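Worksheet: the structure to be examined is printed underneath.
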Amino acid sequence: MDFGLSEEQQAIFDMAHAFGQEHIAPHARAWEAEGTIPKALWASVAELGLGGIYVSEEHGGSGLTRLDATLVFEALAMACPSVGSFLSIHNMCGGMIDKFASPEVKARWLPALCRMEKVFSYCLTEPGSGSDAAALRTRAEKTNEGYRMNGTKAFISGGGYSDVYVVMCRTGEDGPKGISTLIVENGTAGLSFGALEDKMGWRSQPTAQVQFDDCLVPLENRIGDEGRGFVYAMAGLDGGRLNIAASALGGAQAALDATLAYMGERKAFGKTIDQFQGLQFRLAEMEVKLQSARTFLRQAAWKLDTGAADATKFCAMAKMYVTDAAFDVANQCLQLHGGYGYLADYGIEKIVRDLRVHQILEGTNEIMRVIVARAMLAGRA
Ligand SMILES: Cc1cc2nc3c(=O)[nH]c(=O)nc-3n(C[C@H](O)[C@H](O)[C@H](O)COP(=O)(O)OP(=O)(O)OC[C@H]3O[C@@H](n4cnc5c(N)ncnc54)[C@H](O)[C@@H]3O)c2cc1C
């Protein structure tokens, strides 16, 4: 058992970290104020091979592992959790196409995805179904001209901004077995978007409803088999949850690093606040939280990479544990900055706002508990 990163993995982390510090961190607040991430950023992200991190090399991807991807997202989130997480959703779509689509569909979509000439969004949630995703109602009827899709997707990261939408929709019976996955390109007749959502965090990413009104999608845009869409969506989320956890970890680590520095400068009662043992103990507890979260996350990623039978359970456990730990640490860091933690100039309040949603999306942390408990009950002798 080896708990260290290989030289190559350390280089991946360092590369993503350096890129984030140079090209993302200086602009993160401005992009948040503008409510959008400049598309020009994605070309340089793609140049580093981060457009299709775990897409196979034959389709233009980097062919890296899920563990490698967690390093990328942890490092990028140290610059801005919102930007890093947005890229993680694009990568989740790439992973689903690479793993489940036919050779023709891969050849058609993956090269542009990896070059980030086309930015991808993932569309599962609907106004009436979030946690109970298998109850989705967006319907795609098969016709001679293609699938005719009607329905609404809610909370879509990149809604109206992205070029391509990976949409889970109903092509058959009620329940998970009646769901298929279709690729819908922006500009398709019948595709439209709701108003931008006004959110607590992740404000640099546009979030909007995605609407389909008799939207005609070519039959050849289906990923994999009809009726398997829910399986693909959930498989995408296994890795997605690792990425969302890694992004939370990076945000919290950045907050802790800033707090450690701040506590050595800020004085109260005649000494710097890092000299109060009560606060030193809090630093130690936060360090333990983040280090244990990191170890657990990497173990879950290793399970997914090696195809372990309990990988889904570990991805759910890691998502729940890491995102809860990261939010708690970021929030404590705000407290340790006193009033200054509440001011935007110190950078901590943005991290707290950004990290809150990591406990909610790609399956709420209550749903992570449902997955874990279900696996425990099923595994009883
Ligand atoms: C900023 C943002 C971006 C998002 N981006 C995307 C995206 O790109 N694509 C996408 O498809 N979705 C996206 N989502 C949607 C997100 O995945 C859902 O909001 C989430 O899955 C929860 O669904 P819901 O909001 O409908 O809550 P609900 O399902 O209505 O849940 C409400 C509450 O009930 C709890 N609950 C529900 N069922 C159970 C149960 N069985 N046991 C215990 N507790 C339960 C939940 O945990 C929650 O606390 C995004 C959401 C946000 C906020």
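Note that this is a predicted model, so its numbers are computed, not measured. All ligand and atom numbering here is 1-based and tracks the order in the structure. Throughout, numbering of the chain's residues begins at 1 and tracks the sequence. Excluded from the calculations below are hydrogen atoms, water molecules and symmetry mates; all remaining heavy atoms, backbone and side chain alike, are included.
In Val357, the part holding a heavy atom less than 4.0 Å from any atom of ligand 1 is the side chain. Heavy atoms of Glu362 found under 4.0 angstrom from ligand 1 belong exclusively to the backbone. Using a 4.0 Å cut-off between heavy atoms, Ile367 contacts ligand 1 through its side chain alone, with no backbone atom that close.
Gly130 CA, 3.3 Å is the protein heavy atom nearest to atom 23 (O) of ligand 1. From the protein, the heavy atom lying nearest to atom 18 (C) of ligand 1 is Thr125 OG1, 4.1 Å. Annotation: atom 9 (N) of ligand 1 to nearest protein heavy atom, Tyr122 O, 2.8 Å. The nearest heavy-atom contact from the protein to atom 44 (N) of ligand 1 is Glu366 CB, 3.6 Å. Scanning the protein heavy atoms around atom 8 (O) of ligand 1, the nearest turns out to be Ser157 N, 3.0 Å. When only non-hydrogen protein atoms are considered, atom 2 (C) of ligand 1 lies nearest to Leu361 CD2, 3.8 Å. For atom 22 (C) of ligand 1, the closest non-hydrogen atom of the protein is Thr364 CG2, 3.7 Å. Nearest non-hydrogen protein atom to atom 42 (N) of ligand 1 is Val370 CG2, 3.8 Å.
Looking only at atom types and distance, the side chain of Asp354 has no donor-acceptor partner in the side chain of Ser82 under 3.5 Å away. Checking Arg282 against Gln335 by side-chain atom types alone, no donor-acceptor pair falls below 3.5 Å. Defined by atom type and a distance below 3.5 Å, a donor-acceptor pair is missing between the side-chain atoms of Thr323 and Gln359. If you check the side chains of Asp324 and Asn365, you find a donor sitting under 3.5 Å from an acceptor.
Residue nearest to atom 31 (O) of ligand 1, selected from Gly159, Gly128, Ser131: Ser131 (by heavy-atom distance). Around atom 50 (C) of ligand 1, the closest heavy atom drawn from Tyr165, Trp202, Phe155 belongs to Phe155.
Atoms of ligand 1 lying under 4.0 Å from at least one heavy atom of Lys199, given by number and element, are 1 (C). Close approach of ligand 1 to Ile360 (heavy-atom distance below 4.0 Å) involves ligand atoms 20 (C).
With respect to the salt-bridge test (charged N to carboxylate O, under 4.0 angstrom), the residues Glu126 and Arg170 do not qualify. The pair Glu185-Lys118 meets the salt-bridge criterion, with a side-chain N (NZ, NE, NH1 or NH2) lying under 4.0 Å from an Asp/Glu carboxylate O.
Checking atom 53 (C) of ligand 1 against the protein gives a heavy-atom contact under 4.0 Å.
A donor-acceptor contact shorter than 3.5 Å links the side chain of Arg222 to the backbone of Gly224. Of the possible polar contacts, none joining the Glu197 side chain to the Phe155 backbone as a donor-acceptor pair under 3.5 Å is found.
A cation-pi arrangement, defined by a distance under 6.0 Å to the six-membered ring centre and an angle within 45 degrees of its axis, is present between Lys39 and Tyr161.
Residue contacts with ligand 1: Leu124 is placed with a nitrogen or oxygen under 3.5 Å of a nitrogen or oxygen of the ligand (distance criterion only).
When ring centroids are compared, Phe193 and Tyr165 come within the 6.0 Å threshold.
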